[in-house]
Amino acid sequence: MDFSFSEEEQLIRETTREFLKRYLEPVADSIDTNEKIPESFLMAAGSHGIISPLIETPYGGARLSFMDAAIISEEIAKVDTSMATSVYYLLNTSWAYILQKYGNKFIKSKILPDIAIGKKFIGIASTEASGGSDVAAIKTSGEIRNGKIIINGEKAYISGGIEAKNNGGGHLTLVKTDKNGGHKGISMVYVPADSPGIEMYKINNMGRMGISTCIIRYNNVEIPEENIIGKVNKGFYYAMDGFNHARILVAAACNGLSDSILERGLNYIKERSAFGKKLEEFQGVSFKFSELKTELEMSKLLTYKAAYLADIDSNDLYIYSAMSKFKAPQIALDIVKNVMMWFGAYSYGREAGLEKSARGIFSYLVGAEGALNIMNLIISKAFMGL
């Protein structure tokens, strides 16, 4: 059993870090305040092959591994600790992967090259206000008729709606094609966000301000039948496959954020004095640091295992991706909270750059590829045979 990274993986981390230092670090603070990821960064990331690195070379991608993608996710979150760029990246990476895996040649050739170069965004539109994480209970309908699929309904809390509309991208949208079929009556369709009949409303979030969250309404939206991903009524299974892979990148981003914030905390307690001693000399602080550092290392190992299982296409992937998604956001929040406590009142102001991390990490706790209770459900069912 080898816990070391290969030379290629180490090189990807180093080159990604250098790229982000040049292109993301100078604009990172503005992403939260301006509520926008600069297009110049997205295009540069596309040319560097890291905006959607799982796309295969025939479609202009770098065809990297899931371990590579997890490494990139970590490094992005270390720089933009608001988590907005991480959300854009994980969606653009994991759902392009699902489009590539199950889509027909026409739709792949039409969409993937633009995603690979950073020109278009792709996300997932599954959540509905009445169902939340209960994907099987969706009500949005898709009627196949005369070479088209007619979509009616509403999705809620959909990431990247405005971005997709502005850059010609779209979402893999789950619709009921058999109203009596339960989860076996759901199909997945690539729906361009600028399609006629779509109404979009931005939700005002508390964090990760650089990427939009939207309500999307579909009013007799006509989409070509060739935009159906894979087989009709198999969309639920494609979505679950996508979530299993996306959760790895969520966990990796949380670990990257944790790394960055905990390092800031360590530097602070080494420099700051109180009552005639450095903060690091107080066991209440130093012991908490050791606990957080240990938990972070545990989270990293769990996430790397999930990425490894994705690369070997293991049947156990869904368990470990759920485990990594379950632990990493909680550890990240605990790290941000404690470092803010070490910083004191200064951390509550925006100048410290910590409060945006606290706001951003909550999106991974309450949702984003499945809420924590859903991860608990997946893990318990796997081991209890429920």
Side-chain angles (χ1 to χ4, degrees), residues 3-5 9-10 12-33 70-86 207-208 250-304 324 327-362 364-365:
F3 286 93
S4 63
F5 290 107
E9 289 164 346
Q10 291 172 345
I12 285 170
R13 188 183 293 278
E14 291 168 6
T15 56
T16 299
R17 188 173 293 169
E18 291 171 1
F19 168 82
L20 295 171
K21 184 175 181 64
R22 179 179 178 184
Y23 288 98
L24 184 58
E25 190 173 298
V27 300
D29 288 340
S30 71
I31 289 173
D32 191 64
T33 54
I71 289 169
I72 294 168
S73 185
E74 271 187 22
E75 295 301 318
I76 289 173
K78 289 178 184 178
V79 179
D80 176 16
T81 57
S82 76
M83 305 307 281
T85 309
S86 295
R208 52 167 237 193
V250 170
C254 292
N255 295 337
L257 169 75
S258 294
D259 244 339
S260 179
I261 300 300
L262 194 57
E263 184 178 0
R264 286 194 63 190
L266 178 61
N267 293 335
Y268 186 79
I269 63 176
K270 282 178 171 291
E271 297 171 359
R272 179 76 170 179
S273 296
F275 305 102
K277 295 193 296 185
K278 298 291 187 183
L279 291 186
E280 65 179 343
E281 298 179 57
F282 292 93
Q283 288 185 347
V285 175
S286 62
F287 280 16
K288 189 60 183 181
F289 172 83
S290 69
E291 292 172 13
L292 295 171
K293 183 66 174 177
T294 301
E295 289 179 358
L296 174 55
E297 290 304 309
M298 291 165 56
S299 182
K300 285 183 181 180
L301 289 172
L302 189 56
T303 304
Y304 294 147
S324 64
K327 292 303 296 182
Q330 296 187 75
I331 292 169
L333 180 63
D334 201 23
I335 286 173
V336 172
K337 180 190 75 174
N338 277 277
V339 171
M340 289 183 72
M341 290 169 66
W342 298 342
F343 272 63
Y346 175 55
S347 71
Y348 201 62
R350 292 199 169 189
E351 293 79 5
L354 292 171
E355 54 82 32
K356 66 182 179 183
S357 304
R359 289 186 285 109
I361 199 63
F362 263 101
Y364 284 150
L365 287 160

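Under the 4.5 Å side-chain criterion, counting only non-hydrogen atoms from C-beta, K288 is in contact with D334. Looking at heavy atoms from C-beta onward, K356 lies out of side-chain contact with I31 at the 4.5 angstrom threshold. Side-chain contact between R359 and E355 is present, with at least one heavy-atom pair separated by less than 4.5 Å. Counting heavy atoms from C-beta on, the side chains of I269 and L266 come closer than 4.5 Å. Taking the side chain as every heavy atom from C-beta outward, E297 and K300 approach each other to under 4.5 Å. Residues L301 and F3 have side chains in contact (heavy-atom distance under 4.5 Å, counting atoms from C-beta outward).
Distance CZ/R208 to CZ/F362: 14.0 Å, rounded to 0.5 Å. Taken from CD1 in I261 to CG in L333, the straight-line distance is 11.5 Å, to the nearest 0.5 Å. Rounded to the nearest 0.5 Å, atoms NZ (K337) and OG (S347) are 12.5 Å apart. A distance of 5.0 Å separates OG1 of T85 from CG of L24, quoted to the nearest 0.5 Å. One distance of note links OG of S273 with CD of E281; it measures 8.0 Å at 0.5 Å rounding. How far CG of N255 is from CG of L262: 11.5 Å, rounded to the nearest 0.5 Å.
With S260 contributing its side chain and L257 its backbone, the two residues share no donor-acceptor pair below 3.5 Å. At least one donor-acceptor pair under 3.5 Å links the side chain of K278 to the backbone N or O of E271.
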Which is it for T16 and I71 under the side-chain contact (heavy atoms from CB on, under 4.5 Å) test, yes or no, and what are the steps along the way?
-> CA-CA 9 Å; T16 299; I71 289 169; 5.8 Å; no

How far apart are the C-alpha atoms of D80 and S86, what are their side-chain angles, what is the distance that settles it, and do they pass the side-chain contact (heavy atoms from CB on, under 4.5 Å) test?
-> CA-CA 8 Å; D80 176 16; S86 295; 5.9 Å; no

Would you sort out whether E280 and V285 count as a side-chain contact (heavy atoms from CB on, under 4.5 Å), showing the intermediate values?
-> CA-CA 6 Å; E280 65 179 343; V285 175; 6.0 Å; no

Give the C-alpha distance, both sets of side-chain angles, the deciding distance and a yes or no for side-chain hydrogen bond (donor to acceptor under 3.5 Å, both in side chains) between S82 and D32.
-> CA-CA 7 Å; S82 76; D32 191 64; 4.7 Å; no

Residues N338, F289; criterion side-chain contact (heavy atoms from CB on, under 4.5 Å); working and verdict = CA-CA 9 Å; N338 277 277; F289 172 83; over 6 Å; no

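The shortest heavy-atom contact between A352 and Y346 is CB-O, 3.4 Å. Listed here is the closest heavy atom pair of D259 and L296: OD1-CD2, 3.6 Å. Scanning both residues, S357 and T81, for their nearest heavy atoms gives OG-O, 3.0 Å. In plain terms, the two heavy atoms of W342 and Y268 that are nearest each other are O-CE2, 3.2 Å. Annotation for C254 and A332: closest pair O-CB, 3.8 Å, computed over non-hydrogen atoms. For the pair I331 and S299, the tightest heavy-atom approach, listed with the atom from each and the gap, is CD1-CB, 3.7 Å.
The ring pair (Phe, Tyr, Trp, His ring centres under 6.0 Å) search around Y23 returns F19, not counting sequence neighbours. Checked against salt bridge (charged side-chain N to carboxylate O under 4.0 Å, His left out), R264 has no partners two or more places apart in sequence or in another chain. With sequence neighbours left out, the salt bridge (charged side-chain N to carboxylate O under 4.0 Å, His left out) criterion links E75 to R13, R17, K78.
The environment of CD in E263 is sparse: at most 12 heavy-atom neighbours from other residues, nucleotides or ligands sit within 6.0 Å. For F282, the CZ atom sits in a packed shell: over 12 heavy atoms of surrounding residues, nucleotides or ligands are nearer than 6.0 Å.
Taking the six-membered ring for Trp and the full ring otherwise, the centers of F5 and Y304 sit less than 6.0 Å from each other.
Put simply, the residue from I361, I335, V336 that forms a side chain to side chain contact (heavy atoms under 4.5 Å, CB included) with S258 is I335.
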